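Please read these numbers as outputs of a predicted model, since none were measured by experiment.
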There are 2 protein chains.
Amino acid sequence: MTAAPPKSLTRNQSLVLSALRAGGTPQGAYALLDGLRDQGLRAPVQVYRALERLQALGLVHRLESLNAFVACSHDHGGTEDAEATPGPAVFVICEHCAATRELTDPIIGGRIERLARTEGFGLHTSSIELRGLCAVCTAREAEETETTADP
Amino acid sequence: MTAAPPKSLTRNQSLVLSALRAGGTPQGAYALLDGLRDQGLRAPVQVYRALERLQALGLVHRLESLNAFVACSHDHGGTEDAEATPGPAVFVICEHCAATRELTDPIIGGRIERLARTEGFGLHTSSIELRGLCAVCTAREAEETETTADP
DNA sequence: GATGATATGTTATAATATAACACTTCATCC
DNA sequence: GGATGAAGTGTTATATTATAACATATCATC
Ligand SMILES: [Zn+2]
Ligand SMILES: [Zn+2]
Ligand SMILES: [Zn+2]
Ligand SMILES: [Zn+2]
């Protein structure tokens, strides 16, 4: 699904978005740059500029705790589009394998809005990032502990 | 309240914590360093090391979206301490004046835990940061718009 | 074809964070 | 008391992430 680019992206923007979608895990600006050198990109600022625009379009999120970026895997309902996913993105980030899932939870969203309202706070953006061990890595760790268990 | 240092902090750790508590808003590591030069600190790594320990003790939080640090203004219930505040820290950050409040919300906390459980995710830490305009700055902005209103 | 808005490319630099290594301090064990 | 080990310190150098400044290019619109 993931909603095709709504407006026309420029060349650099398309390149960066494709690179982000290709890589399964969050990528830093310099990693993106390295991957796009053969496509003609030369300097960090080119990547940062594309990322800035992509974020503004809601196609990309920045993972603050990682200094990295991911392609959005939802429709957060920026326009009149039906079936928008309610609530802000909640990122679940594995500290071991870097696998990252983007979830949403309307209750968290509502709660946050309520909180902001109570504070008289004009909410612009929210960043919610959960860090820990993903299911796969948890299983693998348990396995290893078993194997290496001191008897 | 804010709970006095539970174990003995070292000199550098105390200095950094005091500096954080003194400044009302989040401070970057280099700003902290500059403020502590006359106390004998010389190099960034000294500040980062102190911050690392203080974070581990739960006395300091890192604001990921700001690359800055604040002293914790809650008791998140690390030990057997009674009257611990339930739920993870929710930071409300003004993008205009940098004023930052640390709140908690047990419902958000519960929801996050539930979400992690559903994913089979072993949750270590969570970072929740809301950005926008604080009440003061919202009021001031409205005022200015009034005054500068095109008639 | 002038104007303005947006995107680009290039070079240099700022801001944030860590690596590596030598030395000190302090508790513990023998 | 001296050996041992863990934690903290200080110092220098370097890595990583992000932006400033400036010149040029592209495209739509008038
Ligand atoms: Zn998204
Ligand atoms: Zn994992
Ligand atoms: Zn706190
Ligand atoms: Zn404000």
Approximate separation, where rounding is to 0.5 Å, of Arg101(A) CZ and Ser73(A) OG: 8.5 Å
Under the side chain to side chain contact (heavy atoms under 4.5 Å, CB included) test, residues paired with Glu52(A) that sit two or more places apart: none
Once you round it to whole Å, what is the distance between [atom2] of [N] and [atom1] of [X]?
X	N	atom1	atom2	answer
Arg49(B)	dT11(D)	CZ	P	11 Å
Arg53(B)	dT9(D)	CZ	C1'	15 Å
Leu17(A)	dA7(C)	CG	C1'	17 Å
Gln27(B)	dA17(C)	CD	P	14 Å
Leu51(B)	dT16(C)	CG	C1'	12 Å
Arg11(B)	dT25(C)	CZ	P	13 Å
Leu54(B)	dA7(D)	CG	P	16 Å
Glu52(B)	dA19(C)	CD	C1'	13 Å

Side chain to side chain contact (heavy atoms under 4.5 Å, CB included) between Glu102(A) and Cys72(A), worked out: CA-CA 8 Å; Glu102(A) 179 181 352; Cys72(A) 176; 3.6 Å; yes
Shortest non-hydrogen contact from [X] toward [Y]:
X	Y	value
Leu33(A)	Arg42(A)	CD1-C, 3.9 Å
His96(A)	Cys137(A)	ND1-SG, 3.3 Å
Leu123(A)	Thr125(A)	CD1-O, 3.8 Å

Check: Gly23(A) main-chain N/O paired with Thr25(A) side-chain donor or acceptor under 3.5 Å: no
Nearest-nucleotide pick for Thr10(A), side chain only, options being dT16(C), dA18(D), dT8(C): dT8(C)
Distance test, side-chain N/O of Asn67(B) to OP1/OP2 of dA17(C), below 4.0 Å: yes
Selection: residues 32-47 of chain A, any non-hydrogen atom under 4.0 Å of DNA chain D: Val45(A)
Distance-only donor-acceptor test, Tyr30(A) side-chain atoms vs dA15(D) base atoms, 3.5 Å: no
Aro-ring/base stack Tyr48(B)-dT18(C), d under 5.5 Å, angle under 30°: no
